[in-house]
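Starting from 1, each residue takes its place in the sequence as its number.
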Amino acid sequence: MDLYGALRPLLFRLDPETAHNLAFWLGERACAWPRLPDPALPLGLRRRAFGLEFPTPLGLAAGLDKGATLLPLWKALGFGHVEIGTVTPRPQPGNPRPRLFRFPQAGLILNRMGFNSEGAAVVAGRLRHRPPGLLVGGNLGKNKETPEALALDDYRAAYRLIAPQVDYIALNVSSPNTPGLRNLQAPEALKPLLAGMLTLRRELGLERQPLLLKLAPDLAPEDLDAIVEVAVASGISGLIATNTTLDRGVVDEPLRAFVETKGAGGLSGEPLKVKAREVRRRILAALRGRLPLVACGGLGSPEDVQGALDDGAALAQIYSALIFQGPGLVAAVHQHLTTTPARA
Ligand SMILES: Cc1cc2nc3c(=O)[nH]c(=O)nc-3n(C[C@H](O)[C@H](O)[C@H](O)COP(=O)(O)O)c2cc1C
């Protein structure tokens with residue numbers, strides 16, 4: 001049995017956030033170890049996306065390593081990129097606990113973390129010591145107290161600190177746990193947000209750094225089409241789809257009723273799979289190759305990752321499946337991608 005397989009029964013007996021903190025405590029010890037393995041990924045896994053060379057299409061989605069504390073470990077596990085964050089400009093505690101729930105029988109996670117963040121200055125300081133050979137994306141959000149009308153100021157403040165330390169930036173306008181955040185996906189709000197960020201990017205001399213937008217799975221098809229047109233016209237570099245869903249309908253009864261008792265939050269993992277895939281296919285059809293898409297949401301097996309890439313995604317990210325299956329999933333995905341020919 002692998003190490004995670006041995007630890008999992010203990011971790012899953014603990015309250016999820018305590019388990020997360022224990023896993024991170026162990027991970028930090030592992031990162032201090034001078035001889036972490038270097039997975040030496042086969043050259044055939046390489047992908048080029050938005051001007052960057054990725055050692056593998058598989059990355060770690062935002063929200064697990066919010067503070068960029070375990071970068072050497074993610075690299076050792078074989079991830080080609082890690083999206084750190086969401087980072088808010090100023091530190092904030094996030095929502096009160098409990099705010100994280102696991103449903104292992106369904107491969108489902110419910111979270112309402114609410115952007116617990118050490119703030120951009122602290123995270124930027126840590127990024128100065130990032131390991132070579134791992135691409136890092138900085139996922140940015142706004143502070144809870146910041147009114148929606150001033151959201152751009154928050155994204156810009158976080159960008160100034162984080163962007164110089166990372167390979168790409170993702171604007172998170174799709175977390176369901178910051179009131180009003182998802183309203184920024186509306187075209188009339190999105191246009192000035194993207195324009196303002198691209199102006200800042202130019203002012204800082206970071207024109208060549210990709211700027212991506214991360215979307216929710218809960219948008220109507222026509223809204224997705226409109227957002228795609230705004231994104232393409234704006235000149236940003238790509239899209240990430242999807243974030244967690246508010247839709248309880250993705251969970252079958254009787255589990256759904258049990259999930260409802262846990263309160264508000266976004267759902268991720270296996271039950272999100274079909275919905276996220278439908279949203280991505282709609283986006284890919286609307287994009288017609290004009291921008292790259294990063295697939296995220298419900299990817300739980302090597303076949304899921306391969307399927308998302310075959311659908312046309314440039315890269316793929318996982319989160320929930322890593323919690324339930326452990327890091328062996330990364331190696332399994334790589335094994336599958338190197339031995340299975342891509343669908344024509
Ligand atoms: C506990 C938890 C915290 C998350 N935090 C963030 C976050 O801070 N920013 C973000 O953009 N996405 C966040 N996400 C969403 C993931 O990045 C991902 O979009 C979502 O979980 C769907 O992928 P999955 O089904 O592979 O988990 C979080 C997800 C979970 C489960």
Side-chain angles (χ1 to χ4, degrees), residues 15-25 27-28 60-71 82-101 109-128 130 136-166 168-185 189-190 193 196-197 200 211-216 240 243-246 262-268 319:
D15 148 75
E17 198 161 344
T18 308
H20 170 92
N21 292 341
L22 173 61
F24 266 60
W25 185 86
E28 280 169 33
L60 179 64
L64 186 53
D65 196 355
K66 289 182 190 273
T69 50
L70 296 185
L71 297 181
V82 172
E83 197 167 300
I84 60 118
T86 292
V87 183
T88 55
R90 292 165 302 285
Q92 63 174 31
N95 287 323
R97 296 187 199 183
R99 52 190 181 174
L100 179 60
F101 305 86
I109 294 178
L110 162 66
N111 96 83
R112 52 171 172 275
M113 301 299 291
F115 291 169
N116 50 311
S117 174
E118 295 170 282
V122 168
V123 179
R126 211 171 274 136
L127 285 166
R128 291 200 189 95
R130 51 179 278 201
V136 178
N139 178 304
L140 308 182
K142 75 168 193 71
N143 281 103
K144 185 180 178 188
E145 303 304 332
T146 304
E148 246 174 275
L150 298 181
L152 175 61
D153 293 347
D154 263 20
Y155 285 97
R156 287 168 69 107
Y159 187 94
R160 282 179 187 283
L161 291 164
I162 299 292
Q165 311 296 336
V166 294
Y168 74 85
I169 288 287
L171 301 177
N172 181 6
V173 290
S174 48
S175 281
N177 303 311
T178 294
L181 192 84
R182 286 180 166 201
N183 297 340
L184 297 170
Q185 294 176 121
L190 200 51
L193 177 71
M197 296 309 293
L200 177 62
L211 182 68
L212 279 65
L213 182 69
K214 184 167 177 181
L215 298 173
I240 306 173
N243 213 311
T244 57
T245 182
L246 283 171
K262 303 297 179 189
L267 304 177
S268 59
Y319 184 152

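Proximity of Val136 to Gln165: side-chain heavy atoms (C-beta onward) are nowhere separated by under 4.5 Å. The side-chain heavy atoms of Val173 and Arg182, taken from C-beta on, include no pair separated by under 4.5 Å. In this structure, the side chains of Leu70 and Val82 stay at 4.5 Å or more apart for every pair of heavy atoms. Side-chain contact between Asp154 and Thr88 is absent, with no heavy-atom pair separated by less than 4.5 Å. Contact of the Met113 side chain with the Glu17 side chain is registered, since non-hydrogen atoms from C-beta on lie closer than 4.5 Å. Asn139 places none of its side-chain heavy atoms less than 4.5 Å from the side chain of Ile240. A heavy-atom distance below 4.5 Å is found between the side chains of Phe24 and Asp65. Taking 4.5 Å as the limit, every side-chain heavy atom of Thr244 sits out of range of all side-chain heavy atoms of Leu267.
With sequence neighbours excluded, no residue forms a ring pair (Phe, Tyr, Trp, His ring centres under 6.0 Å) with Tyr155. Qualifying side-chain contact (heavy atoms from CB on, under 4.5 Å) partners for Ala61, counting only residues two or more places apart in sequence or in other chains: Cys296, Gln317, Tyr319.
Panel note: side chain Gln92, backbone Phe115; a donor-acceptor pair is recorded below 3.5 Å. The backbone N or O of Thr146 sits nowhere less than 3.5 Å from a side-chain atom of Asn143 that would complete a donor-acceptor pair. A donor-acceptor pair under 3.5 Å links the side-chain atoms of Gln185 to the main chain of Ala216, judged by distance alone.
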For this session: Take Arg112 and Asn95 through the test side-chain hydrogen bond (donor to acceptor under 3.5 Å, both in side chains) and record every step on the way to the result.
Result: CA-CA 7 Å; Arg112 52 171 172 275; Asn95 287 323; over 6 Å; no
Exercise. Yes or no on side-chain contact (heavy atoms from CB on, under 4.5 Å) for Tyr168 and Glu83, after CA distance, side-chain angles and deciding distance?
Worked result: CA-CA 9 Å; Tyr168 74 85; Glu83 197 167 300; 2.6 Å; yes
Exercise. After noting the C-alpha distance and the side-chain angles of Val123 and Ile162, does the key distance pass the side-chain contact (heavy atoms from CB on, under 4.5 Å) rule?
Worked result: CA-CA 8 Å; Val123 179; Ile162 299 292; 4.1 Å; yes
For this session: Give the C-alpha distance, both sets of side-chain angles, the deciding distance and a yes or no for side-chain contact (heavy atoms from CB on, under 4.5 Å) between Leu71 and Leu127.
Result: CA-CA 9 Å; Leu71 297 181; Leu127 285 166; 4.0 Å; yes
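Sparse packing is recorded around NZ of Lys144, with 12 or fewer heavy atoms of other residues, nucleotides or ligands lying under 6.0 Å away.
Taking OG1 of Thr69 as the reference point, atom CG of Leu64 lies at 9.0 Å (rounded to 0.5 Å). The distance from the CG atom of Leu200 to the OH atom of Tyr159 is 6.0 Å, given to the nearest 0.5 Å. Atom CG of Leu110 is separated from atom NZ of Lys262 by 9.0 Å, given to the nearest 0.5 angstrom.
Residues Pro89 and Gly141 share a closest heavy-atom pair of CD-O, 3.4 Å. Contact record, Ile169 with Ala163: CD1-CA, 3.8 Å, taken as the closest heavy-atom pair. Shortest non-hydrogen contact noted between Ala120 and Ala158 is CB-CA, 4.0 Å. Between Lys214 and Ala62, the shortest heavy-atom distance links the atoms NZ-CB, 4.2 Å. What you find for Leu100 and Pro16 is that their closest heavy atoms are O-CG, 3.4 Å.
Of the candidates Leu190, Leu213, Leu184, Leu171 forms a side chain to side chain contact (heavy atoms under 4.5 Å, CB included) with just one, namely Leu213. Applying the side-chain hydrogen bond (donor to acceptor under 3.5 Å, both in side chains) test between Thr86 and each of Asn172, Asn243, Asn116 identifies Asn172 as the sole match.
Counting only residues at least two apart or on different chains, the salt bridge (Lys or Arg N to Asp or Glu O under 4.0 Å) pairs with a member in residues 118-128 are Glu118-Arg126.
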